[in-house]
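Input: a single structure, listed below in C-alpha cells.
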There are 2 protein chains.
Amino acid sequence: MTLPGRGPRGYRELAEHLARQIRDGIYPAGQRLPSELALQQTYDLARNTVRKAVEELEYQGLVVVQRGYGAVVAIEQEKQRVIVPAGTVVSGRMPTLTEAYEWGLPRGIPMLIATGPDGTVIQALPADRFEIVTE
Amino acid sequence: MTLPGRGPRGYRELAEHLARQIRDGIYPAGQRLPSELALQQTYDLARNTVRKAVEELEYQGLVVVQRGYGAVVAIEQEKQRVIVPAGTVVSGRMPTLTEAYEWGLPRGIPMLIATGPDGTVIQALPADRFEIVTE
DNA sequence: AAGTATTTGTCCGTATGTATT
DNA sequence: CAATACATACGGACAAATACT
C-alpha cells in the first residue's frame, strides 16, 4: 500500500530509485524488473510515467527491455579486445539506426570509432562487445 | 496540407524523415527544427508522437533540445585529444546521471573510458569534447 | 520591469497492437 | 487459445523556460 507523498514522485525519482536498487543488488544482473503494471501499482503512478523511468534506465545501459517479456538488468559482457596501431584516434558516438539494426544493439550502447591519424575510419564497433587497445 | 496516407507515419518514420533532412542540409547545424506544434500540424500526428520522434534524434546525438526554445541541430565540436600510454584500454558507455550533470551533457553523448592494462580507470571523458589517442 | 506568446517538460487517461509465455 | 507484458498512438491539462514586446 502506498501512502500519499511517500516514495519516488515523477519519472526521474523513480528512475533513480530503481537504479539504486539495481546497484544495491536487489535486482541482480539477468533478472527482470517488476512489470510496468506492478510498478504502476506499487508507486501509484501512471503507466506512461513508469515507462519513462524504465526508458531512462535503458538509456543508461542499465537494463534491456524485451517486448512481451520485461526489463532485464543488463549483463556485463565479456569484451573482445581489438588491437590498433599507435597513433590511432578513438572517439565515441551513438549508433545510427542502420548500425543499431546491423549489430542488434539495445538502447544505451554507444559505438567506439577508431580512426587513423589522417582521419580515415578504421573501425566502428559496439561498446558492449568490444574495447580498443593499442600496443 | 497533408493528404492522408502521405508522408511519414508513426514516430520512427518521422524520425528517419527528419534525420534525412538534417543530413541533406535542409536544417543546418545550429538551426532549429520546426516546433513540435508545427511538426504536429504538418504531418498530422499527435504531439506525443512528434515528441517521440525528436527524442530519437536526440538519442542519436543529432539534435540538442532546449526547453522553451526548440530542437537545435547538433554542432560538431572541436575535440581535444587526450594522449594515453600504449597498452591503455579504451571502452565506452553512457554517462551516469552524476556524470551527465557534472559535464552538462545533453542526451546522446557517450563517455570514453580509458583504463590501464590492470583495469584501473585512468579517465572518463565525454565523447563530444574528447578523443583518445595513444603514442 | 512586466506581461504575453511561444515552446518544451511532465503527468495523467484511454485504446489498441504485437510479442512472449 | 489465453494471459501477461511491452509498443504505439491518440487526447488533454498544466508547469516551466525562453523570447519578445
Side-chain angles (χ1 to χ4, degrees), chain A residues 2 4-18 27 30-74 97 100-101 104-108, chain B residues 2 4-18 27 30-74 97 100-101 104-108:
Chain A
T2 309
R6 304 225 165 248
R9 297 289 86 193
Y11 80 94
R12 286 174 181 278
E13 287 185 22
L14 177 56
E16 287 178 35
H17 178 74
L18 293 173
Y27 304 115
Q31 193 171 98
R32 268 185 302 181
L33 253 51
S35 73
E36 293 172 356
L37 178 62
L39 292 172
Q40 177 181 339
Q41 291 169 341
T42 300
Y43 298 104
D44 190 29
L45 295 167
R47 190 179 159 219
N48 283 343
T49 306
V50 169
R51 279 180 64 75
K52 196 108 164 74
V54 174
E55 194 176 279
E56 274 294 322
L57 303 181
E58 201 179 14
Y59 169 77
Q60 291 172 39
L62 256 52
V63 303
V64 177
V65 181
Q66 292 168 266
R67 180 180 191 166
Y69 182 68
V72 179
V73 178
L97 279 179
Y101 175 77
L105 285 183
R107 280 190 136 62
Chain B
T2 309
R6 303 223 166 252
R9 298 290 83 194
Y11 80 94
R12 286 176 181 278
E13 287 185 23
L14 178 56
E16 287 178 34
H17 179 74
L18 293 173
Y27 304 116
Q31 192 171 102
R32 269 186 300 180
L33 253 49
S35 73
E36 293 172 357
L37 179 62
L39 291 172
Q40 177 181 339
Q41 292 169 340
T42 301
Y43 298 104
D44 190 29
L45 294 167
R47 188 181 161 217
N48 282 342
T49 305
V50 169
R51 279 181 63 75
K52 196 108 166 69
V54 175
E55 194 177 279
E56 272 295 321
L57 303 181
E58 199 179 17
Y59 169 78
Q60 292 172 40
L62 256 51
V63 303
V64 176
V65 182
Q66 291 168 262
R67 181 181 191 163
Y69 182 67
V72 180
V73 177
L97 279 179
Y101 176 77
L105 286 184
R107 279 192 140 61

Q) In whole angstrom, what separates A:Glu36's CD from D:dT8's C1'? A) 12 Å

Q | Main-chain N/O of A:Val54 paired with A:Tyr11 side-chain donor or acceptor, under 3.5 Å | A | no

(Q) Would you compute the distance between atom CG of B:Leu33 and atom CG of B:Leu57 and round it to the nearest 0.5 angstrom? (A) 6.5 Å

Q | Interatomic distance, A:Asn48 CG vs D:dC6 C1' [rounded to whole Å] | A | 12 Å

**Q.** Integer-rounded Å distance: D:dA9 P and B:Gln40 CD
**A.** 14 Å

Q. Within the side chain of A:Glu13, is there an N or O that forms a donor-acceptor pair under 3.5 Å with the backbone of A:Arg9?
A. yes

Would you list the protein and nucleotides 15-21 of chain D atom pairs, both N or O, that sit under 3.5 Å from each other?
residue: D:dA16; atom: O4'; partner: B:Arg67; partner atom: NH2; Å: 2.5

Q: Would you classify A:Arg12 as touching base, sugar-phosphate or nothing, given that sugar-phosphate means primed atoms plus P, OP1 and OP2, and contacts are heavy atoms under 4.0 Å?
A: sugar-phosphate

Q) Under a criterion of less than 4.0 angstrom to any heavy atom of chain B, what are the 5'-terminal and 3'-terminal contacting nucleotides of DNA chain C? A) C:dT7 to C:dT10

Q) Rounded to the nearest 0.5 Å, how far does OG1 of A:Thr49 lie from CZ of A:Arg12? A) 13.0 Å

Q: Report yes if a side-chain nitrogen or oxygen of B:Arg47 is closer than 4.0 Å to either non-bridging phosphate oxygen (OP1 or OP2) of D:dG11; otherwise report no.
A: no

**Q.** Spacing between B:Leu14 atom CG and D:dA9 atom C1', to the nearest angstrom
**A.** 13 Å

Q: Grab the NZ-P distance between A:Lys52 and D:dT8 for me, whole Å please.
A: 14 Å

Q.
OP1 or OP2 of D:dT4 versus the side-chain N and O atoms of A:Ser35: is any pair under 4.0 Å?
A. no

Q: For A:Arg47, enumerate each residue passing the salt bridge (charged side-chain N to carboxylate O under 4.0 Å, His left out) test, keeping only those at least two apart in sequence or located in another chain.
A: A:Glu36

Q.
Restricting to non-hydrogen atoms, name the atom on B:Val65 and the atom on B:Ala71 that form the minimum distance, rounded to 0.1 Å.
A. CG2-CB, 3.9 Å

(Q) Is it the case that the side chain of B:Tyr59 and the backbone of A:Gly108 share a donor-acceptor pair, with hydrogens and angles ignored and the cut-off at 3.5 Å? (A) yes

**Q.** Side-chain heavy-atom pair A:Leu39, A:Leu18 within 4.5 angstrom cut-off
**A.** yes

Q: Quick one: pull up OG1 in A:Thr42 and CG in A:Leu37 and give me the separation to the nearest 0.5 Å.
A: 9.0 Å

